[in-house]
*Asks:* 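Take this structure first; my questions come after.
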Amino acid sequence: MDPKTLPNVLYYVVMAVALCGWGALILLPRRPRFNFWFAGVFVPLVLCLIYMYLLIAFWFLPPMASFSEFLTLDGVYRMFANRGLLLVAWINLTAMDLVAGAWMTRKAAQVRMPYVWLLPCLVLTFVFAGFGFTLFAVIIAVRGRWTAIANVEDVPPTDSGPVRAFPS
């Protein structure tokens, strides 16, 4: 496929994949198979694989990217004139917003946040992640549930022995 049309086609693929993840969070928020495995691991992993492919495929195409471009906003702007790298950035945002939405969904279940309060947080996170997470944080804070989340997040691993390399 032509490098000029590939980002346009993959944009729709990426959005369809992401919408599947968000659909699972919105329609089945209390089912770990969907909020953890599907929307929190599988879909972001698929998005990240597309991300890696595009990053490798478009990094050296004009306008060429370089790590020094990340040092200034103007450099980032120039780099995103490369439509493949622009899509890479979009996929990064889309995948990480989905990971955040999946985390919020699991935490909402742990602290028994009503679905009617979770739904606007998820919708906002899908569209404007900063607003969605902020709304979630405010709702959790007002209800005094950050401690309950912290207690779950602070649980040590079941094998709390000395840190060692992966088993061989």
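Remember, predicted model here, so these are calculated numbers, not experimental data. For this chain, numbers begin at 1 and follow the sequence in order.
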*Asks:* Should Met113 and Ile139 count as side-chain neighbours, where that means a heavy-atom distance under 4.5 Å?
*Replies:*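 Met113 vs Ile139: side chains touch.
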
*Asks:* To the nearest 0.5 Å, what is the distance between CG on Leu122 and OG1 on Thr105?
*Replies:* 4.0 Å

*Asks:* Taking side-chain contact (heavy atoms from CB on, under 4.5 Å) as the test, write out the residues that go with Leu124, two or more places apart.
*Replies:* Phe131, Leu135

*Asks:* Leu85, Phe60: one ILVMFWY side-chain cluster at the under-4.5 Å cut-off?
*Replies:* yes

*Asks:* Do the non-hydrogen side-chain atoms of Leu28 and Arg33 ever get within less than 4.5 Å of each other?
*Replies:*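 No, their side chains stay 4.5 Å or more apart.
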
*Asks:* For a side-chain contact (heavy atoms from CB on, under 4.5 Å) with Leu87, tell me which candidate from Tyr51, Phe58, Phe80, Tyr11 qualifies.
*Replies:* Tyr11

*Asks:* Does atom OH of Tyr115 have more than 12 heavy-atom neighbours, drawn from other residues, nucleotides or ligands, at distances under 6.0 Å?
*Replies:* yes

*Asks:* For the CH2 atom on Trp22, are there more than 12 heavy atoms of other groups (residues, nucleotides or ligands in this structure) within a distance under 6.0 Å?
*Replies:* yes

*Asks:* Using the rule that two of Ile, Leu, Val, Met, Phe, Trp, Tyr join whenever any of their side-chain heavy atoms come within less than 4.5 Å, decide whether Met52 and Val17 are in one cluster.
*Replies:*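 In one cluster: yes.
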
*Asks:* Phe126 pairs by side-chain contact (heavy atoms from CB on, under 4.5 Å) with which of Ile26, Leu19, Asp97, Leu25?
*Replies:*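 Only one of Ile26, Leu19, Asp97, Leu25 forms a side-chain contact (heavy atoms from CB on, under 4.5 Å) with Phe126, namely Leu19.
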
*Asks:* Spell out, yes or no, whether Leu93 and Tyr12 are grouped together once hydrophobic residues are joined by side-chain heavy atoms under 4.5 Å, including indirect joins.
*Replies:*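 In one cluster with Leu93: Tyr12, yes.
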
*Asks:* Treating Ile, Leu, Val, Met, Phe, Trp and Tyr as nodes and any side-chain heavy-atom pair under 4.5 angstrom as an edge, say whether Phe128 and Leu119 lie in one connected cluster.
*Replies:*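 In one cluster: yes.
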
*Asks:* Taking atom CZ of Arg106 and atom CZ of Arg30, what is their separation to the nearest 0.5 Å?
*Replies:*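 Rounded to the nearest 0.5 Å, the CZ-CZ separation comes out at 12.5 Å.
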
*Asks:* For a 4.5 angstrom cut-off between non-hydrogen side-chain atoms, does Pro44 reach Val99?
*Replies:*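 Yes, their side chains come closer than 4.5 Å.
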
*Asks:* Enter the distance from Asn92:CG to Leu54:CG here, rounded to the nearest 0.5 Å.
*Replies:* 12.0 Å

*Asks:* Using the side-chain contact (heavy atoms from CB on, under 4.5 Å) rule, take Phe133 and Cys121 through it: C-alpha gap first, then chi angles, then the decisive distance, then the call.
*Replies:* CA-CA 7 Å; Phe133 180 75; Cys121 299; over 6 Å; no

*Asks:* For Arg143, does the CZ atom sit with more than 12 other heavy atoms under 6.0 Å from it, leaving out its own atoms?
*Replies:*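 Yes - once you tally the heavy atoms of other residues, nucleotides and ligands closer than 6.0 Å, there are more than 12.
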
*Asks:* Nearest 0.5 Å, please: how far is CG in Leu45 from CG in Leu49?
*Replies:*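 Result: 4.5 Å between the selected atoms.
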
*Asks:* Could you measure the distance from the CG atom of Asn35 to the NZ atom of Lys107? Nearest 0.5 Å is fine.
*Replies:* 10.0 Å

*Asks:* What do the steps show when you test Tyr53 against Leu6 for side-chain contact (heavy atoms from CB on, under 4.5 Å), and what is the final call?
*Replies:* CA-CA 12 Å; Tyr53 166 75; Leu6 183 62; 3.8 Å; yes

*Asks:* Taking everything shown except Phe36 itself, do over 12 heavy atoms lie less than 6.0 Å from its CZ?
*Replies:* yes

*Asks:* Could you tell me whether the side chain of Phe34 reaches within less than 4.5 Å of the side chain of Pro29, counting heavy atoms only?
*Replies:*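 The answer is no, as the side chains (C-beta and beyond) never meet within the 4.5 Å cut-off.
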
*Asks:* Does some side-chain heavy atom of Leu73 sit less than 4.5 Å from a side-chain heavy atom of Tyr77?
*Replies:*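 Heavy-atom side-chain distance check fails, nothing below 4.5 Å.
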
*Asks:* To the nearest 0.5 angstrom, please state how far the CD atom of Gln110 sits from the CZ atom of Arg145.
*Replies:*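 It is 10.0 Å, given to the nearest 0.5 Å.
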
*Asks:* Would you say Met96 ends up clustered with Ile50 if hydrophobic residues are merged whenever their side chains have heavy atoms under 4.5 Å apart, either directly or through other cluster members?
*Replies:*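 Hydrophobic grouping puts Ile50 apart from Met96.
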
*Asks:* Taking all non-hydrogen atoms of both residues into account, name the closest pair between Ala39 and Gly21 and its distance.
*Replies:*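 Here Ala39 and Gly21 meet closest at CB-O, 3.5 Å.
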
